[in-house]
Amino acid sequence: MSPEKALSYMSIVVEKIVSLMSFNDFSMSLPLKLEAICDVGGTGQKFMLRVVQGLEEAISANLCDVHACGNLKSAEIGVQLFECFSNKVLPWFHQIGCSEDVPLRFSINIWNQIENSMAFSDKVQGKELLDATMRAMKLAVGTCSEENQSAILEKAYSVLSLSTSFLLNESMSVKIPVELEGLQLTQDSGSLSSRDDWLISLFASVIIALRPRTHIPNVRVILHLFMKALLKGHVPSAQALGSMVNKLHPKNNEAEISGDCTLEEAMDIIFNKSFWSSLDNGPPFRRCSLLDDYSEMGLMNLCLSVGNRNLLQIHAIVGLAWVGKGLLMRGHEIVKDVTMIFFKCLVSNGEMGVLPLKQGSSENCSEQDVIASTMKTAANAFHILMSDSEVCLNKSFHAIMRPLYKQRFFSSVMPVLVSSIMKSDSSIRRAMMYRAFGHVISDTPLVAILSEAKKLIPILLDALSMLSEDVLDKDMIYNLLLVLSGILMDKNGQEAVIETAHIIINRLTGLISYPHMMLVRETALQCLLAMSGLPHTRIYPMRSQGVNCIKKSSFLKVNRRVLLRRWLGRISTMNRSFCLSATIAHLDDEKLKWLQWFW
């Protein structure tokens, strides 16, 4: 395009299309506007830069309206603006290999906006807006070089330091107790203010997206800040802690000379014995050797001063899970001790399951609910450890990943899990152990599971049986069925399930009528179909049970017919007449007509 044509295109087309972002223009819906703007801007770098400028102006005006007035309509618009920047603008510049000016300027502008919004409205409720802002911040920071990331981090830290809610100074060190000034964890102040939530969340987003070689100033102060916030239930702070321990450099001469906080010192701060001893809520348990080496000062006084101690324990478990995930991904051995803390919560709290519940005792019932919620959080910690996260600790945000870290964790933790399940003498403890087992096995690569399939199948089937009693575990049941399906589809896996074929068919026939989730019923049907590929001697005794189960299914007619065709086809060479006599009396006209055609 010639300079003259480019100038005309800019003034006539681009400027006109950018003006559509005005909130007062209702001639077109906002998603259509943003799509048109990105398409026009995508015709050239100069045009897209003008689109970015208009988008930043709209975001700035929108955030100002939200923070000052708590305008929910502006919050909805802001979510779409940030999604446009994250999903279309940033990928476009990354694709053409453009400089980092756009993400750098965007990040700095957001922090300038936060700095200028000194008074946050109490009506600010936009969690979706905050999530969209955090995602855009992470993606922008993640695409920058170490130098530009340092500039963004410096700006973010300066804005955070100016906040009167946080006393960030160099006097904070590992020798000072974690109960810092400005933090009063009481029943009346159990959560962050709206402004503090935005400040720490965006600062955590910057930390999460940093490259491993980007220098973080005042690491000890930042660690204490995030520990304070996570005890108030602030999950992004826990994720930022996990990212820090994943990327911090281990102890070496260079780090000692510069005075930087090393990985070992950071773990000394985070794994403070007084902090994690707050998780004790039951009978004595063997303390991990890791915890014996840390000093007594820390968060103990905070834990003892909180009225709702269970809530603090839940927040601490979640925080420890994200820290453990960062260590697990880099292959640090201390993750074994972190895992033992979760087992400790499951085992010690599980003692309540053997105690009889007094009738009419609401206090006793409430206590059981509280302990059960703590145990469930500990079981779900294994999901945090093993799952692939989109919000932190991934390749986009430069996490350190040791090859085969999931397989190694699976090999080390599964024997302990299986042993604990076998020794569980209370229903609630066993259920939570099965939940932890499900999280580990669901997120482990199938190739690692196949080698242990013969040992794990009985545990998996028991988990399906127990967890199917609670509707809240429907997603877990679906994940376990996916694992079973993967085993049945593999030749080596089929050899491992031959001895338990009758038990598997019994479980599957029960789940085909599972009322709470269609995907569970579909996957159970697929697994039953895969079972028909086993040797005749194993599936022949289950012929009538399989047919009766398929007859009762009142959904997925096509899948049902395919399954019935396969099931009957596998056993027809053994006894066709028996199959007909066993099923023909109970088939309706439609099924009978189809069966006659098939025969």
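For this chain, numbers begin at 1 and follow the sequence in order. Please read these numbers as outputs of a predicted model, since none were measured by experiment.
Within the 4.5 Å cutoff, the side chain of Leu263 has heavy atoms near those of the Arg330 side chain. Side-chain contact check for Leu446 versus Ile487: some heavy-atom pair is nearer than 4.5 Å. You'll find the side chain of Ile96 stays beyond 4.5 Å of the side chain of Met48, heavy atoms only. A 4.5 Å side-chain heavy-atom check between Trp322 and Leu241 finds every atom pair outside the cut-off. Leu63 is listed as a side-chain neighbour of Ile110, based on a closest heavy-atom distance under 4.5 Å. Side-chain contact between Lys155 and Asn112 is present, with at least one heavy-atom pair separated by less than 4.5 Å. You'll find the side chain of Met134 reaches within 4.5 Å of the side chain of Leu202, heavy atoms only. Taking the side chain as every heavy atom from C-beta outward, Arg135 and Asp131 never approach each other to under 4.5 Å.
Across all non-hydrogen atoms, the minimal contact from His249 to Pro212 is NE2-O, 3.5 Å. Nearest heavy-atom pair across Leu230 and Ala316 is CD1-CA, 4.2 Å. Minimum heavy-atom separation, Ile200 to Ala229: CD1-CB, 4.0 Å. Closest approach of Leu210 and Leu153 over heavy atoms only: CD1-CD2, 4.0 Å. Nearest heavy atoms, Ile441 versus Ile449: O-CD1, 3.2 Å. In terms of heavy-atom proximity, Val391 sits nearest to Phe397 at O-CE1, 3.6 Å.
Rounded to the nearest 0.5 Å, atoms NZ (Lys33) and OG (Ser19) are 9.0 Å apart. In this structure, Phe342 CZ and Leu320 CG are separated by 4.0 Å, a value rounded to the nearest 0.5 Å. Between Leu139 atom CG and Cys144 atom SG the span is 11.0 Å, to the nearest 0.5 Å. Atom CD of Glu83 sits about 10.0 Å away from atom CG of Leu34, to the nearest 0.5 Å.
Salt bridge status for Glu35 with Lys88: absent, with no side-chain N to carboxylate O gap under 4.0 Å. Using a cutoff of 4.0 Å between basic side-chain nitrogens and carboxylate oxygens, Asp473 and Arg435 are scored as salt-bridged. A salt bridge links Lys406 with Asp388: the distance from a Lys NZ or Arg NE/NH1/NH2 to an Asp or Glu carboxylate oxygen falls below 4.0 Å.
Aromatic ring orientation, Phe226 versus Phe203: tilted (interplanar angle from 30° to 60°). Between His383 and His439, the ring planes are tilted. Angles from 30° to 60° get that label.
In this structure, Glu100 contributes its side chain and Ser145 its backbone to a donor-acceptor pair below 3.5 Å. Side-chain atoms of Lys336 never come within 3.5 Å of backbone atoms of Val413 as a donor-acceptor pair (strictly under, hydrogens ignored). A donor-acceptor pair is defined here as one N or O able to donate and one able to accept, closer than 3.5 Å; such a pair exists between the side chain of Ser11 and the backbone of Ser8. With hydrogens and angles disregarded, a donor-acceptor distance shorter than 3.5 Å links the side chain of Thr133 to the backbone of Leu129. Looking at Asn246, its side chain does come within 3.5 Å of a backbone N or O of Ile400 through a donor-acceptor pair. Without hydrogens or angle criteria, Ser150 side chain to Glu146 main chain gives a donor-acceptor distance under 3.5 Å. Listed for the His398 side chain is a donor-acceptor partner under 3.5 Å among the backbone atoms of Gly142. Without hydrogens or angle criteria, Lys325 side chain to Gln239 main chain gives no donor-acceptor distance under 3.5 Å. For the pair Thr43 (side chain) and Val40 (backbone), a donor-acceptor distance under 3.5 Å is present. Asp490 places a side-chain N or O within 3.5 Å of a backbone atom of Gly493 that can act as its donor or acceptor partner.
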Check against side-chain contact (heavy atoms from CB on, under 4.5 Å), Val51 and Val18: CA-CA 6 Å; Val51 167; Val18 169; 4.2 Å; yes
Thr444/Met414 under side-chain contact (heavy atoms from CB on, under 4.5 Å): CA gap, chis, key distance, verdict: CA-CA 11 Å; Thr444 299; Met414 192 53 65; 6.0 Å; no
side-chain contact (heavy atoms from CB on, under 4.5 Å) between Leu49 and Asp101, intermediate numbers included: CA-CA 10 Å; Leu49 289 173; Asp101 293 341; over 6 Å; no
From CA spacing to verdict: side-chain contact (heavy atoms from CB on, under 4.5 Å), Val13, Phe47: CA-CA 10 Å; Val13 179; Phe47 308 133; over 6 Å; no
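Few gaps surround CD on Glu15; more than 12 heavy atoms of other groups in view lie less than 6.0 Å from it. Within 6.0 Å of CZ on Arg213 lie no more than 12 heavy atoms contributed by other residues, nucleotides or ligands. Under a cut-off of 6.0 angstrom, the local environment of NE2 in His94 is sparse, with at most 12 non-hydrogen atoms contributed by other residues, nucleotides or ligands.
With 3.5 Å as the limit, one finds a donor-acceptor pair spanning the side chains of Gln149 and Thr214. At a cut-off of 3.5 Å, with distance as the only test, no side-chain donor of Asn479 or Ser442 sits close to an acceptor on the other residue.
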